[in-house]
Amino acid sequence: MPNTGSREIARAAVLMSLTQDRDEEKQLKQQLNQQEIYAAAVDCGGEFITSMSKFVERAVVAAKREGIISESHIQEGAVAGAAHEALSQISAKALGLSVGGKIGIARRDGHIAVAAYFAVGLLHLNDIAIGLGHRAI
């Protein structure tokens, strides 16, 4: 098995955030599981500033639900920190606007990454933003 480091885990998180539906999510998760990369994705949307803490919470809940992390505060904190970092990277574009998209989470061994992929804007006048955070557990 090739060495899977932060770069490969970050790529997996980004790919999970780019999935278009639950079937594609499930198929990608199965492919990643064969590489011993455990992944999840969660849809998110709403006004960015008021929803940011909800998005972080949803990432942690999804990671626990899918068995990516245990219920330890260290692992929960790693996901929360990586999610916050990913969201912070898109905050300049999203400030005061609505967002809709997906958060992808991936882990192998001590590497965990969270990617946020969002449409940002009003009505159909959207821009696209992606952010990525990584933590070592």
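The basis for the numbers below is simple: all heavy atoms, side chains too, and nothing from hydrogens, waters or symmetry mates. Note that the numbering runs from 1 along the sequence shown for the chain. Predicted, not measured: the structure shown is a model, and the values here were computed from it.
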Which side chain to side chain donor-acceptor pair (under 3.5 Å) pairs, counting each pair once, include a residue from residues 50-63, with sequence neighbours left out?
E47-T50
Which residue pairs pass the salt bridge (Lys or Arg N to Asp or Glu O under 4.0 Å) test when at least one of the two sits in residues 112-135, sequence neighbours left out?
K93-D127
Run N126 and V120 through side-chain contact (heavy atoms from CB on, under 4.5 Å) and show every step you take.
CA-CA 5 Å; N126 289 326; V120 179; over 6 Å; no
Please give me the minimum heavy-atom distance between A63 and V79, naming the atom from each residue.
CB-CG2, 4.1 Å
Should I112 and V42 be regarded as members of a common hydrophobic cluster, given that ILVMFWY residues are connected when their side-chain heavy atoms come within less than 4.5 Å of each other, either directly or indirectly?
yes
What's the shortest heavy-atom distance between A39 and I68, and which atoms?
C-CD1, 3.4 Å
List the residues meeting side-chain contact (heavy atoms from CB on, under 4.5 Å) with Q27, not counting sequence neighbours, and say none if there are none.
Q31
Salt bridge check: are E76 and K64 linked by an N-O gap of less than 4.0 Å?
yes
So how far is it from K29 NZ to T19 OG1, rounded to the nearest 0.5 Å?
10.0 Å
Using the test side-chain contact (heavy atoms from CB on, under 4.5 Å), find all partners of D21 that sit at least two apart in sequence or belong to another chain.
D23, E24
Applying the 4.5 Å side-chain criterion to the ILVMFWY set and letting contacts propagate, would V56 and I137 be lumped into a single cluster?
yes
State, to 0.1 Å, how close A40 and A62 come at their nearest heavy-atom pair, and which atoms those are.
CB-O, 4.1 Å
Residues passing the side-chain contact (heavy atoms from CB on, under 4.5 Å) test with D43, sequence neighbours excluded, are R22, K102
Point-to-point distance, once rounded to the nearest 0.5 Å, from CG of L32 to CZ of R11:
8.5 Å
Could you tell me the separation between the CG atom of D109 and the OH atom of Y38, rounded to the nearest 0.5 Å?
9.0 Å
Looking only at heavy atoms, the pair that brings A86 and G133 closest together is CB-N, 3.8 Å
Distance-only polar pair, side chains of Q89 and E85, donor-acceptor under 3.5 Å:
yes
Can you sort out the partners of S70 under side-chain contact (heavy atoms from CB on, under 4.5 Å), two or more places apart, ordered by chain and number?
S72, Q75
Between M16 and I105, does a side-chain contact (heavy atoms from CB on, under 4.5 Å) hold up when you go through it step by step?
CA-CA 7 Å; M16 285 300 292; I105 306 143; over 6 Å; no
Could you list the residues that satisfy ring pair (Phe, Tyr, Trp, His ring centres under 6.0 Å) with Y117, not counting sequence neighbours?
none
For I37 and I9, what are the C-alpha separation, side-chain angles and deciding distance, and is it a side-chain contact (heavy atoms from CB on, under 4.5 Å)?
CA-CA 7 Å; I37 297 173; I9 300 310; 3.9 Å; yes
If Ile, Leu, Val, Met, Phe, Trp and Tyr residues are connected whenever their side-chain heavy atoms lie under 4.5 Å apart, and connections chain through other members, are I90 and I128 in the same group?
no
Should L97 and I103 be counted in the same cluster of Ile, Leu, Val, Met, Phe, Trp and Tyr side chains packed under 4.5 Å apart?
yes
In the hydrophobic clustering that connects Ile, Leu, Val, Met, Phe, Trp and Tyr at side-chain heavy-atom distances below 4.5 Å, which members other than V61 occupy its cluster, ordered by chain and number?
none
Taking all non-hydrogen atoms of both residues, which atom of S17 and which atom of A115 are closest, and how far apart?
CB-O, 3.7 Å
Run V114 and L132 through side-chain contact (heavy atoms from CB on, under 4.5 Å) and show every step you take.
CA-CA 6 Å; V114 177; L132 178 66; over 6 Å; no
For E36 and R108 the tightest heavy-atom approach is O-CD, 3.2 Å
What pairs with H134 under ring pair (Phe, Tyr, Trp, His ring centres under 6.0 Å), at least two apart in sequence or on another chain?
H111
Drop me the distance from E8's CD to Q35's CD, to the nearest 0.5 angstrom.
9.0 Å
Please list all pairs meeting ring pair (Phe, Tyr, Trp, His ring centres under 6.0 Å) that have one or both residues in residues 41-71, counting only residues at least two apart or in different chains.
F55-F118
